[in-house]
> 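To start, I am sharing the structure in question, which I have written as C-alpha cells.
All values derive from a computational prediction rather than experimental measurement.
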Amino acid sequence: MRRAATVLVAAALAICGFAAAAWLWRDRPPATGVAILDGLEPQLRALHVHPPADREPNLALELPLIPEVMQVPEGTPTEGMIAFRNAGKGPLTILALAALDERIRMRVEVGGSPYTFGAPIEAGAEGEFIYEVSPLRGDRTVCLSVEVLTNDPHFIASSSGAFGRTVIDLRVRARSSVIVRALDGVVTERGIALGSFFASTGTECRVEIRSLTRAPIEAVESKVSDERLHIELVSSEPAPSRQLRIALLGPLPEGRVSLDVELALHFSDGTPSAIKSLFVFGSAEPDLYFSPRTLMIHSRGGGDRRWKVAILARPGIEIGVPEVLWVTAGSPSTAPASQPAADELIETQVLSRPGSDPQLEIRLRPSALQGIASLELVLPATQAGRRMEARLPIMIHISKM
C-alpha cells in the first residue's frame with residue numbers, strides 16, 4: 001500500500017514538473033546552434049577554438065535564479081540591460097548574436113563602449129547586453145530569446161550545436177500604456193466598479209483616461225457591449241488626458257451587471273491608436289430593499305433587545321406599515337393554532353432620519369418564548385400609484401441563560 005502511494009506521488013511530481021517546463025518553454029523558439037556558427041565570417045570562425053585549460057574564459061551573466069517577467073508599456077519600445085563579466089582566467093570573445101524573435105534586438109557594450117565581435121574581453125572585465133523590445137500588444141507573456149556564441153567552453157555543446165553557445169531568455173509582458181483614474185466612483189484592477197444602484201434608474205461615474213505617451217490625446221472613441229451603457233467625452237480640448245462620463249441607463253434587470261468597453265485613443269502626433277479594454281460591473285438592486293438581506297437574531301434568555309436594518313429606497317417612494325408573518329414549509333403564512341402570532345415575538349417600527357435612509361427597528365419582546373422561529377417581514381411601498389414590497393427573512397433563536 002505504501003509503495004503504491006509512493007508511486008502515485010512520484011507520478012504526480014513528474015506531471016507537475018513536465019507542466020512547469022512546458023509553461024516556461026511554451027513560447028521558446030527552437031535552438032539554432034549550427035546555423036549561428038555556419039553564418040560566421042571566416043575571421044570570426046577562426047576564433048571559435050577551445051582555449052588552453054589555464055586560459056579559459058567564463059561568461060557570467062547577472063540573471064536571477066527565478067526568471068522575472070519584465071513589464072513593458074503596451075505599444076512602446078523598451079530598453080533593458082543584462083550585465084555580465086568575464087569571471088575566467090583568459091580573454092573572452094563574443095563572436096555573434098542572433099535574435100530568435102523579430103520583436104527583440106540586442107547589442108553589446110564593454111566598458112561603456114560598443115563592442116566589436118571577436119575582440120578580447122580580458123579577465124575581470126565587465127560589460128552589458130543591451131536589448132530593445134519592440135512594441136507589444138495584449139497581455140500574454142512571451143519569451144523573447146537571443147542566441148550568443150562565444151569561446152567559453154563552459155557552455156557545453158549539444159549533439160547538433162556548438163560549444164560556447166548559450167541562449168538568453170527574456171520573459172516579457174505588455175503593460176497597458178493607458179491609465180484609467182476615477183474622478184468619482186471606483187476603478188479597480190478588474191475595471192470600473194459602479195457599485196450598487198437602483199435597477200430602474202441606473203448610475204454613472206466620471207473617469208480620467210491618461211496615456212503614458214507624451215503626445216496629447218486628440219480623440220476618444222468607444223465601443224460598448226450593451227446599448228444601455230453610454231459613454232461621452234466630458235473634456236473637449238486636446239490634452240495629455242481626457243475625461244469621460246460613463247452612464248449605465250435604466251431600466252435594468254435586477255442582479256449583477258457585467259459589460260465590456262473598448263476605448264480607442266487617438267494622439268495628436270499620429271501615434272497609433274491605443275486600445276484600452278475595460279470591464280464595467282455593478283449590481284442592479286430593486287427600487288426597495290433591505291440591507292442586510294437577512295436578519296439573524298440570537299438571544300440568551302430573551303430580554304428587551306433591538307436590531308436595526310437599513311431600508312434602501314429610490315427617492316419618492318412612500319413606505320407603508322410592515323407586517324410580520326410566520327414561515328411554514330418555506331412560505332409565509334398566518335400563525336399555526338399552537339403558536340402565538342408572529343408580532344407577539346417581535347415588535348417592528350420604521351424610523352425616518354432626515355438626510356439619511358430610513359431604518360427598520362426590530363425589537364424582541366420580553367415575553368418571547370425559548371426556541372427557534374422562522375419569520376418574514378413584508379414592507380409595502382408605493383410610488384406614483386405603483387405598488388411594491390420588500391421582504392426580510394428573520395431567523396430567531398432564543399436559548400436559556
> On a heavy-atom basis, which atom in Leu249 and which in His230 lie closest, and how many Å separate them?
CD1-CB, 4.3 Å
> Could you give the distance from CZ (Arg242) to CD1 (Ile217), rounded to the nearest 0.5 Å?
7.0 Å
> With side chains defined as the heavy atoms from C-beta onward, is the minimum distance between Val207 and Gln243 less than 4.5 Å?
no
> So, Thr294 side chain and Pro393 main chain: donor-acceptor pair closer than 3.5 Å or not?
no
> Determine, step by step, whether Glu79 and Arg107 satisfy the salt bridge (charged side-chain N to carboxylate O under 4.0 Å, His left out) criterion, reporting the C-alpha distance in whole Å, the side-chain angles of both residues, the deciding distance to 0.1 Å, and the verdict.
CA-CA 11 Å; Glu79 271 201 357; Arg107 65 182 190 273; 3.4 Å; yes
> Donor-acceptor pair, Arg105 side chain versus Tyr131 backbone, under 3.5 Å?
no
> Parallel, tilted or perpendicular, judged at 30° and 60°: which one describes the rings of Phe281 and Phe279?
parallel
> Please lay out, stage by stage, how Glu232 and Ser222 fare under the test side-chain contact (heavy atoms from CB on, under 4.5 Å).
CA-CA 8 Å; Glu232 64 178 343; Ser222 63; over 6 Å; no
> For Arg165 and Glu147: C-alpha separation, side-chain torsions, deciding distance, then whether salt bridge (charged side-chain N to carboxylate O under 4.0 Å, His left out) applies.
CA-CA 7 Å; Arg165 170 191 166 272; Glu147 191 175 8; 2.4 Å; yes
> Determine, stepwise, if the pair Arg45 / Leu37 fulfils side-chain contact (heavy atoms from CB on, under 4.5 Å).
CA-CA 7 Å; Arg45 189 180 180 91; Leu37 181 60; 3.6 Å; yes
> Donor-acceptor check, side chain of Tyr289 to backbone of Arg293, threshold 3.5 angstrom: yes or no?
no
> Locate the shortest heavy-atom distance separating Pro292 from Val309; write the atom from each residue and the value.
O-CG1, 3.9 Å
> Please check if the side chain of Asn151 supplies one atom and the backbone of His48 the other of a donor-acceptor pair under 3.5 Å.
no
> Side chains of Pro51 and Pro57: does their closest heavy-atom pair fall under 4.5 Å?
yes
> Parallel, tilted or perpendicular for Phe84 and Phe129, by the 30°/60° rule?
tilted
> Measure the spacing between CG of Leu312 and CD of Glu285 and express it to the nearest 0.5 Å.
8.0 Å
> Measuring only between side-chain heavy atoms, which start at C-beta, is His50 closer than 4.5 Å to Phe163?
yes
> Is there a side-chain contact (heavy atoms from CB on, under 4.5 Å) between Glu361 and Glu347? Walk through the geometry before answering.
CA-CA 8 Å; Glu361 182 182 77; Glu347 177 185 354; over 6 Å; no
> Is any side-chain heavy atom of Leu360 less than 4.5 Å from a side-chain heavy atom of Lys308?
no
> About how many Å separate CD1 of Ile317 and CZ of Arg386, when rounded to the nearest 0.5 Å?
6.5 Å
> Kindly determine whether Glu389 and Arg387 satisfy salt bridge (charged side-chain N to carboxylate O under 4.0 Å, His left out), including the steps that lead there.
CA-CA 7 Å; Glu389 62 181 27; Arg387 295 183 179 182; over 6 Å; no
> So, Glu126 and Arg85, do they make that salt bridge, N to O below 4.0 Å?
no
> In this structure, are over 12 heavy atoms from other groups packed under 6.0 Å from Glu227 atom CD?
no
> Shortest non-hydrogen contact from Leu47 to Gly118?
CD1-O, 3.6 Å
> Write down the atom of Leu379, the atom of Gly320, and the distance for their closest heavy-atom approach.
CD1-O, 3.7 Å
> Less than 4.5 Å apart, any side-chain heavy atom of Met388 and any of Thr382?
no
> Could you pull out the closest heavy-atom pair between Trp326 and Ala373, with the gap in Å?
CZ3-CB, 3.8 Å
> Residues in side-chain hydrogen bond (donor to acceptor under 3.5 Å, both in side chains) with Asn86, at least two apart?
none
> Run the numbers on Leu144 and Asp169 for side-chain contact (heavy atoms from CB on, under 4.5 Å), then give the verdict.
CA-CA 6 Å; Leu144 308 180; Asp169 290 332; over 6 Å; no
> Flag the pair Ile311 / Ile319 as yes when at least one side-chain heavy-atom distance between them is below 4.5 Å, and no otherwise.
yes
> Rounded to the nearest 0.5 Å, how far apart are CD of Glu204 and CG of Leu194?
10.0 Å
> Under 4.5 Å between any side-chain heavy atoms of Lys89 and Arg55, yes or no?
no
> Would you give the length of the straight line joining atom CZ of Phe290 to atom CG of Leu377, rounded to the nearest 0.5 angstrom?
5.0 Å
> Does Arg181 form a salt bridge (charged side-chain N to carboxylate O under 4.0 Å, His left out) with Glu208? I'd like the steps, not just the answer.
CA-CA 5 Å; Arg181 185 175 69 89; Glu208 180 186 56; 2.8 Å; yes
> For residues 252-265, please give each side-chain donor-acceptor pair under 3.5 Å, one per line with the distance, not counting sequence neighbours.
none

> Are His154 and Glu56 packed together at the side-chain level, in the sense that at least one heavy-atom pair is separated by less than 4.5 angstrom?
yes
> Applying the side chain to side chain contact (heavy atoms under 4.5 Å, CB included) test to Phe155, which of Leu149, Val148, Asn58, Thr150 qualifies?
Thr150
> How long is the span from the OG atom in Ser283 to the CZ atom in Phe197, to the nearest 0.5 Å?
7.0 Å
> If you count the non-hydrogen atoms of other residues, nucleotides and ligands that lie under 6.0 Å from CD in Glu102, is the total more than 12?
no
> What is the minimum heavy-atom distance between Leu244 and Val234, and which atoms define it?
C-CG2, 3.8 Å
> Within the 3.5 Å criterion, strictly below it, is a donor on Arg314 or Thr201 matched to an acceptor on the partner's side chain?
no
